[in-house]
K.L.:
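One structure follows; several queries about it will come next.
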Amino acid sequence: MTWCANISVMGFEDMKEAIISAKDLSFRYEGKESYAVDHVNIEIEKGSFVAVLGRNGSGKSTFAKLLNVLIEPTEGEISVCSLQPKTEDDAFAIRQKCGMVFQNPDNQMVATIVEEDVAFGCENLGVAPGEIVRRVDWSLRTVGMEEYRKAAPHMLSGGQKQRIAIAGVIAMLPEVIVFDESTSMLDPSGRQDIFDLAMRLNKENNVTVLWITHFMEEAAKCDRVIVMDQGRVKMDGTAREVFSDPKKIEKFGLEAPDMAKLAEALRKEGLDLKDGIITVDEMEVELCRLLSKI
Amino acid sequence: MLNNISIGQYFPGDSIIHKLDPRTKILFTLMFIVSIFISKGFLCFFLIAAFAYLCMRISKISLKFIVRGLKPILFIVAFTFLLNLFLSSGDDVIVKWGVLSITFTGIRNALFMAVRLILLVTCTQLLTLTTSPIQLTDGLERLFTPFKKIGFPAHELAMMMSIALRFIPTLIEETDKITKAQKARGADFESGGVIKRVKAMIPLLVPLFVGAFRRADELAMAMEARCYRGGTGRTKMRPLTYRKADYCAFGISFMLLLVVIALNILNVF
């Protein structure tokens with residue numbers, strides 16, 4: 001039943017245009033033998049929420065930097081919003097369309113006042129002053145930080161700083177936002193906040209989100225999960241498809257979500273659980289179903 | 001330790017002087033300084049001091065702040081005062097003591113230099129007390145923009161300054177963290193002589209520098225990701241504009257300068 005549902009979702013996604021497409025995309029750091037990103041072929045549909053999973057050194061962050069033209073591919077092609085980074089100006093245009101939120105909230109804030117920092121991207125784009133003020137107002141409201149507009153960045157918590165970083169990115173009106181392990185330095189509540197915010201931007205503002213992470217619980221909530229290891233795409237599919245086999249995912253140095261592992265263990269003990277349980281809610285429903293049978 | 005760190009000595013407020021364009025205030029201060037340097041007599045100083053006091057009252061800064069800011073230069077003031085007092089040459093000797101002598105000219109010169117120094121610092125303090133560091137940076141950037149044609153990196157310098165201001169609290173925080181971490185490992189920063197203490201700083205400074213370089217790297221990348229490519233084609237959220245009050249301030253400071261020049265020419269002391 002779930003499988004059928006997946007098919008229909010996938011079918012719907014296929015109809016949408018690809019906003020990011022990589023053909024044989026490869027990157028090798030200078031002086032290294034092996035590729036950090038090794039002939040990756042990927043298409044990401046407009047409006048989707050995609051998780052990129054992988055252990056340290058799997059090439060997921062390098063992939064993110066290639067998307068934003070912070071580094072140039074050694075081989076292969078990348079196209080973002082049908083733009084290819086051939087010249088400096090193309091790179092500039094791509095960076096406007098494809099925003100990026102980094103890992104360390106401290107190291108991506110430029111200004112001493114929150115609103116100045118949010119305006120930084122717009123100022124670089126050469127947006128007119130009145131329009132900048134309007135966009136800063138809007139983005140601070142969207143991330144729920146209006147009352148901090150005059151605050152100093154070092155007075156904010158990690159989660160709040162990440163919100164400001166997101167505000168700075170959405171003020172540039174991007175079509176894609178890449179979150180490069182943006183929650184890994186935050187406490188659990190901050191992590192949840194930022195993830196929910198990304199979800200909301202995806203649903204309400206139709207921003208395509210690339211969520212790079214090593215937290216399975218977050219990836220389990222995404223439309224599509226791409227698992228990378230040694231620079232290659234190893235698995236690609238819905239969260240349910242990727243996580244239903246805890247053994248396979250462990251091969252790539254990742255841990256399946258707790259509920260998937262629990263379901264596996266319970267099945268071994270003879271419980272008749274359905275396939276593809278990855279969240280607590282699903283487990284609850286399934287267990288209640290079993291209980292009602294008794 | 002860091003909850004309310006303030007950089008510089010900016011005293012927030014909403015007086016007319018606070019709201020002036022930073023460029024106006026910088027030029028105003030320059031006029032002040034020029035006036036002080038060309039003054040030859042105490043009457044000019046009195047006039048300038050009265051004017052500075054007026055500015056202070058308008059900007060609602062208490063005398064306490066100014067006096068506190070004078071503390072670091074007290075030594076220099078005392079030193080110049082004593083040098084002038086004993087080493088000025090003149091015929092009107094009051095006390096003679098070996099090579100040292102106190103003359104009326106000496107007393108006058110000593111007082112004159114001391115007052116001049118104090119006034120200089122007070123006037124520049126009025127600028128830094130009423131203008132936030134970031135406004136100052138903005139103002140300096142705009143003032144130096146014309147010099148871009150001869151290759152002066154106005155925007156780059158301003159950007160460097162604002163990034164430095166942004167990262168001072170972050171780096172202090174990090175220093176604090178590293179100090180604690182090293183203390184937990186048994187490092188001793190407090191005891192011993194100067195050399196021993198300087199040596200003890202090494203395990204603190206090395207990680208701090210490494211961290212700062214890493215930060216710089218990441219920040220550069222984050223700035224690039226947000227389309228930063230130098231000052232060309234850049235706009236400002238709140239561009240600096242001169243308003244009526246700024247023109248008035250220009251007029252007033254220019255008048256002050258004229259009056260001081262007139263007093264000097266007329267030799268009224």
Side-chain angles (χ1 to χ4, degrees), chain A residues 61 64-65 67-71 88-89 91-113 115-137 150 152-155 161 165 168-169 171-172 174 178 180, chain B residues 1-8 10 12 14 132-138 141 155 158-174 176-177 211-241:
Chain A
S61 280
K65 282 176 200 157
L67 292 179
N68 209 285
V69 213
L70 292 170
I71 49 179
E88 269 294 300
D89 287 336
F92 188 77
I94 288 179
R95 285 175 196 148
Q96 189 256 310
K97 297 270 184 206
C98 174
M100 195 150 166
V101 180
F102 293 85
Q103 179 177 23
N104 190 330
D106 267 321
N107 298 354
Q108 50 185 319
M109 306 197 82
V110 191
T112 43
I113 305 166
E115 63 168 3
E116 293 268 341
D117 192 78
V118 176
F120 181 72
C122 292
E123 293 180 334
N124 290 335
L125 292 174
V127 178
E131 174 68 13
I132 298 183
V133 174
R134 225 167 309 140
R135 286 196 195 179
V136 169
D137 281 346
K150 295 282 180 197
H154 66 269
M155 308 283 282
K161 280 182 213 165
V169 168
M172 295 164 76
V178 181
D180 188 1
Chain B
M1 161 194 180
L2 270 172
N3 279 335
N4 38 27
I5 184 176
S6 65
I7 302 153
Y10 177 53
D14 55 355
S132 71
I134 206 76
Q135 275 181 310
L136 263 181
T137 317
D138 267 8
E141 177 181 358
H155 167 76
M159 186 51 96
M160 268 166 57
M161 244 156 96
S162 66
I163 289 176
L165 287 170
R166 152 74 186 84
F167 277 91
I168 288 169
T170 311
L171 288 179
I172 295 177
E173 221 168 63
E174 187 149 292
D176 198 37
K177 231 184 262 172
F213 279 115
R214 204 197 51 237
R215 268 179 209 287
D217 216 32
E218 279 180 30
L219 183 73
M221 194 169 281
M223 284 169 73
E224 229 183 316
R226 281 163 82 184
C227 290
Y228 181 71
R229 51 174 179 183
T232 40
R234 229 174 158 253
T235 46
K236 280 258 168 202
M237 175 166 62
R238 299 218 159 81
L240 297 174
T241 44

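Below, chains carry the letters A, B, ... as their sequence lines are ordered, and counting in each starts from 1.
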K.L.:
Mind listing the closest non-hydrogen atom pair of Thr137(B) and Pro133(B) along with its distance?
P.N.:
OG1-O, 2.6 Å

K.L.:
Any side-chain heavy-atom pair from Gln135(B) and Leu240(B) closer than 4.5 angstrom?
P.N.:
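Result no, sub-4.5 Å side-chain heavy-atom pair not found.
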
K.L.:
Measuring heavy-atom distances to chain B, does Phe102(A) have an atom under 4.5 Å in its side chain, in its backbone, in both, or in neither?
P.N.:
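Looking at Phe102(A), just its side chain touches chain B.
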
K.L.:
Give the interface residues of residues 225-233 of chain B toward chain A, defined by a heavy-atom separation under 4.5 Å.
P.N.:
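Within residues 225-233 of chain B, near chain A: Ala225(B), Arg226(B), Cys227(B), Tyr228(B), Arg229(B), Gly233(B).
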
K.L.:
Need one label for Val136(A): side chain, backbone, both or neither, based on atoms under 4.5 Å from any heavy atom in chain B.
P.N.:
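Only the side chain of Val136(A) comes within 4.5 Å of chain B.
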
K.L.:
The criterion is side chain to side chain contact (heavy atoms under 4.5 Å, CB included); which residues satisfy it with Ala165(A), sequence neighbours excluded?
P.N.:
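For Ala165(A), the residues satisfying side chain to side chain contact (heavy atoms under 4.5 Å, CB included) (neighbours in sequence not counted) are Val101(A), Gln108(A), Gln162(A).
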
K.L.:
Can you tell which of Val178(A), Val133(A), Asp117(A), Ile113(A) has the highest number of heavy-atom pairs within less than 4.5 Å of chain B?
P.N.:
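Greatest number of close heavy-atom pairs with chain B: Asp117(A).
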
K.L.:
Measuring heavy-atom distances to chain B, does Ile94(A) have an atom under 4.5 Å in its side chain, in its backbone, in both, or in neither?
P.N.:
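No part of Ile94(A) comes within 4.5 Å of chain B.
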
K.L.:
Salt bridge or not between Glu131(A) and Arg134(A)? Use side-chain N to carboxylate O under 4.0 Å.
P.N.:
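So Glu131(A) pairs with Arg134(A) through a salt bridge.
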
K.L.:
Is Asp106(A) in contact with chain B via its backbone, its side chain, both, or neither, using a 4.5 Å heavy-atom distance?
P.N.:
both

K.L.:
If I compare all heavy atoms of Pro105(A) with all of Lys161(A), which pair ends up nearest, and what's the gap?
P.N.:
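Distance-wise, the nearest heavy atoms are CB-CB, 3.6 Å.
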
K.L.:
Provide the closest heavy-atom pair for Asp180(A) versus Ser61(A) in the form atom of the first, atom of the second, distance.
P.N.:
OD1-OG, 2.8 Å

K.L.:
So which heavy atom on Met237(B) is nearest to which on Ala119(A), and how close?
P.N.:
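Met237(B) and Ala119(A) have their closest heavy atoms at SD-CB, 3.8 Å.
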
K.L.:
Which answer fits Glu115(A), side chain, backbone, both or neither, if we ask what part of it has an atom under 4.5 Å from a heavy atom of chain B?
P.N.:
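Contact with chain B is through both the backbone and side chain of Glu115(A).
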
K.L.:
Report which part of Leu219(B) has an atom under 4.5 Å of a heavy atom belonging to chain A: side chain, backbone, both, or neither.
P.N.:
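Both backbone and side chain.
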
K.L.:
If you take all heavy atoms of Phe92(A) and Asn124(A), which pair is closest and at what distance?
P.N.:
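The answer is CZ-O, 3.7 Å.
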
K.L.:
Is it true that Lys236(B) and Asp138(B) make a salt bridge, defined as a side-chain N closer than 4.0 Å to a carboxylate O?
P.N.:
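Looking at Lys236(B) and Asp138(B), the cut-off is met.
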
K.L.:
How close do Ala222(B) and Asn107(A) get, heavy atom to heavy atom, and via which atoms?
P.N.:
CB-O, 4.0 Å

K.L.:
Using a cut-off of under 4.5 Å on heavy-atom pairs, state which of Gly126(A), Ala91(A), Gly121(A), Cys98(A) scores highest against chain B.
P.N.:
Gly126(A)

K.L.:
Can you tell me which of Gln96(A), Met109(A), Arg135(A) forms the most heavy-atom pairs within a distance under 4.5 Å of chain B?
P.N.:
Met109(A)

